[in-house]
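Just so you know, these numbers come straight off a predicted model, no measurement behind them.
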Amino acid sequence: MTITEHTELIRRFADDFTALQEAVLARMNGVCAPETAAVLDHASLTGPVTVVLAHADVLARGAVRRAELSVQPPERLRRLRAHARRVRRARSQAEARYKEQRARRVTGRSRPADPLELRVARTAFAVAFDEALRQELRDRGLPDGAPQAPESGLVRWAWDRKEAGGEPPAPVRALRDCDDDAFVQALLRDAREEENPHLPHDAVVERWSRHARVALAWGRYAIGQAERDALARSLSVRRTRLDALDDAYQDTAVLAARAREAQLRVTDLHDRMRACVTTGPLAELVAQCRAAALTRFAEAEPEAWHRVRELTARHRADCPERADGCPRCHRALAAVLADAPPAGTDEDDDERPTATLSVDEDRYALLADLPDTAVVAVADAAVGDESALCGYGWAAEDGTTGHGDSLASSSGEAEVIGVCAAALSLLERHEDAPVVLLCDSIEAVKAVDAALRSADPEAARRTLLFPESRQLMDRLVRHRHRVQVRWLKGHVGHDLNETADAFARLALRRATGRIPSSAARKEEARILRSLGSGAGPLPVAA
């Protein structure tokens, strides 16, 4: 293949989604010409390959699901499943290649490291240095972006100034200024009707990336609805319903591809913005601001500055990387000054529940403060990969249990559905007693707790996307004075937690038609026997 032919094929694949996907799948199946395989490895196609595989992944899973619901011959089902596994594996490999390529690209144009003294002072005495930097930015009339400043604030400021010279087209302004619900509807139209050429514009691409996941969830919602409808029909009349399921998978495949494209485009935007601080006037301004902030810090904190200079001077005397400016040494030196572990090694606290548990309490749901009349239950949920169908289950201290299925955009929303369904059932069964629900999802606990405390279902809006969960929350909030939700550490062998989990998984299998009714009844009886054999009073620390 000549250089001209090579270039032409790259251009064709970049412009023709179908041609690129056919070539990628041919390579995956080992029937691709060597010249084409070499072209697919070109740096400019690394991102687009992940887009076409995101699309193919959804379609492959859709083909498997249709075959399952139409009771295809086992051999055909095996072939479809094997193909879906190959596509999923190829997608993972393509994503990994893209990440490696981008890492090399970003590293290649990184800004030179700041002087060691500046990095040590900024890390060890962050509060004082950030204040000095804020004062410097303020005096220069620049935006305050500390503690990442000046990059974070200055890059956005410089970019906005550059873009302000030309007002975006009217369709772009409409996308930029509409509310979130209208924007998601625009994304759904983009996938289901006609591609919107204005989404990649710099003014809206970040918004596109943020909301693409919501639009994709609505695609999975359509799959779940079509799947439910097909399962409600006998095999003899199911064909037309399976055609609707195919349509839902087709739309969702486009949504998945567009979501991946949005990620690539916003990454490119951020890379271009970050490039502003590596060279040119903005890079020089960044260096000036930091150097001036260090001078202010030294004047305000002379003792701390003396310690920084003394320690860095001793370190340079025998550092093997001193010729390169000690690029990785500042964290360890800062730890010596701050008498603390190096920054970045602390455990992530994001997983600690804050809705109902204080940081001083054990990571368990403490029940000692509850009245004797309280009804305590544990709720759990299970979600699938293909659609928004979910299962939930619950088990109460008084021996009652329940399970069912619904539609959820995430595991957190599914867990909220389980909590609400369990609480509403127990409220009806126990007219005056307070009801306490335990759940092992921190996100669900926070969402339900926020809605109950504020008496407003909208407080859980970030977790609850679909109407099913919002209707349940609306009903539960009316009983907020009788309901509590608390966090429970999951999968530690607690009887009620294990029972709720088993019921949730059973409910999902029933909802997706993966277990016959007779087998489901036997499984339900087995779960109840298992609970009965080990049931007892719920301990104080569940």
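Taking the charged nitrogens against the carboxylate oxygens, Arg272 and Asp268 do have a contact shorter than 4.0 Å, which makes a salt bridge. Ionic pairing of Asp440 and Lys489 is not present here: no N-O contact between side-chain nitrogen and carboxylate oxygen is shorter than 4.0 angstrom.
A donor-acceptor pair under 3.5 Å links the side-chain atoms of Thr46 to the main chain of Ala43, judged by distance alone. Without hydrogens or angle criteria, Arg307 side chain to Leu337 main chain gives a donor-acceptor distance under 3.5 Å. Arg192 places no side-chain N or O within donor-acceptor distance of the main-chain N or O of Asp251, the cut-off being under 3.5 Å. Between the side chain of Asp380 and the backbone N or O of Ala500, no donor-acceptor pair lies under 3.5 Å.
For the salt bridge (charged side-chain N to carboxylate O under 4.0 Å, His left out) with Arg461, the lone residue among Asp474, Asp456, Asp180, Asp181 that qualifies is Asp181.
The heavy-atom pair separating Tyr392 from Ala421 by the smallest distance is CE1-CB, 3.5 Å. In this structure, Cys319 and Cys326 approach most closely via the heavy-atom pair SG-SG, 3.7 Å. In terms of heavy atoms, Pro200 sits closest to Val205 at O-CB, 4.0 Å. Closest approach of Ile417 and Ala408 over heavy atoms only: CD1-CB, 4.2 Å. Across all non-hydrogen atoms, the minimal contact from Ala414 to Val383 is CB-CG1, 3.6 Å. Here the closest heavy-atom approach between residue Leu264 and residue Gly47 is recorded as CD1-O, 3.3 Å.
The structure places CD of Glu261 at 8.5 Å from CG of Leu199, a figure rounded to the nearest 0.5 Å. The CG atom of Leu407 sits 10.0 Å away from the CZ atom of Arg220 when rounded to the nearest 0.5 Å. The CG atom of Leu427 sits 10.0 Å away from atom CZ of Arg475, with the distance rounded to the nearest 0.5 Å. In this structure, CG in Leu333 is found 9.5 Å from CZ in Arg316, a value given to the nearest 0.5 Å. Between the CD atom of Glu415 and the OG atom of Ser469 there is a distance of 13.0 Å, given to the nearest 0.5 Å. One distance of note links CZ of Arg482 with CG of Leu452; it measures 12.5 Å at 0.5 Å rounding.
At least one side-chain heavy atom of Trp208 sits less than 4.5 Å from a side-chain heavy atom of Arg258. Residues Pro434 and Val375 fail the side-chain proximity criterion, which asks for heavy atoms closer than 4.5 Å. A heavy-atom distance below 4.5 Å is found between the side chains of Arg296 and Glu136. Under the 4.5 Å side-chain criterion, counting only non-hydrogen atoms from C-beta, Val435 is not in contact with Val376. At a threshold of 4.5 Å between non-hydrogen side-chain atoms, the residues His479 and Leu424 count as touching. Between Asp449 and Lys446 there is no side-chain heavy-atom pair separated by less than 4.5 Å. Residues Leu142 and Cys289 have side chains in contact (heavy-atom distance under 4.5 Å, counting atoms from C-beta outward). Between Asp57 and Leu53, the closest side-chain pair of non-hydrogen atoms is not below 4.5 Å.
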Is there a salt bridge (charged side-chain N to carboxylate O under 4.0 Å, His left out) between Arg122 and Asp130? Walk through the geometry before answering. CA-CA 7 Å; Arg122 187 183 184 193; Asp130 288 347; 5.0 Å; no

Walk me through whether Glu206 and His270 qualify under side-chain contact (heavy atoms from CB on, under 4.5 Å). CA-CA 9 Å; Glu206 290 174 306; His270 291 165; 2.8 Å; yes

Tell me, with the steps shown, if Val445 and Arg486 meet side-chain contact (heavy atoms from CB on, under 4.5 Å). CA-CA 6 Å; Val445 169; Arg486 301 188 181 191; 5.9 Å; no

For a side-chain hydrogen bond (donor to acceptor under 3.5 Å, both in side chains) check, start with the C-alpha distance between Glu95 and Thr50, then their side-chain angles and the critical distance, and finish with the verdict. CA-CA 6 Å; Glu95 295 283 358; Thr50 67; 4.5 Å; no

Checking Trp218 against Phe466 for the ring-ring contact (aromatic ring centres under 6.0 Å, His included) test, could you report, in this order, the C-alpha distance in whole Å, the side-chain angles of both residues, the deciding distance, and whether it holds? CA-CA 8 Å; Trp218 281 109; Phe466 296 156; 4.8 Å; yes

Is there a side-chain contact (heavy atoms from CB on, under 4.5 Å) between Glu443 and Thr463? Walk through the geometry before answering. CA-CA 8 Å; Glu443 179 186 359; Thr463 298; 3.3 Å; yes

Verdict with reasoning, Gln93 to Arg91, per side-chain hydrogen bond (donor to acceptor under 3.5 Å, both in side chains): CA-CA 5 Å; Gln93 292 168 349; Arg91 182 181 181 183; over 6 Å; no

Evaluation steps, side-chain contact (heavy atoms from CB on, under 4.5 Å), between Leu472 and Val419: CA-CA 10 Å; Leu472 284 171; Val419 167; over 6 Å; no

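A cation-pi contact links Arg260 to Tyr98, judged by a cut-off of 6.0 Å to the six-membered ring centre and 45° from its axis.
Ring geometry for Phe297 versus Trp305: interplanar angle over 60°, hence perpendicular rather than tilted (30 to 60°). Using cut-offs of 30° and 60° for the angle between ring planes, the Phe17 and His55 rings count as perpendicular.
With a 6.0 Å radius and a threshold of 12 heavy atoms from other residues, nucleotides or ligands, Arg97 has its CZ atom above the threshold. Atom CZ of Arg322 is surrounded by more than 12 heavy atoms from other residues, nucleotides or ligands within 6.0 Å.
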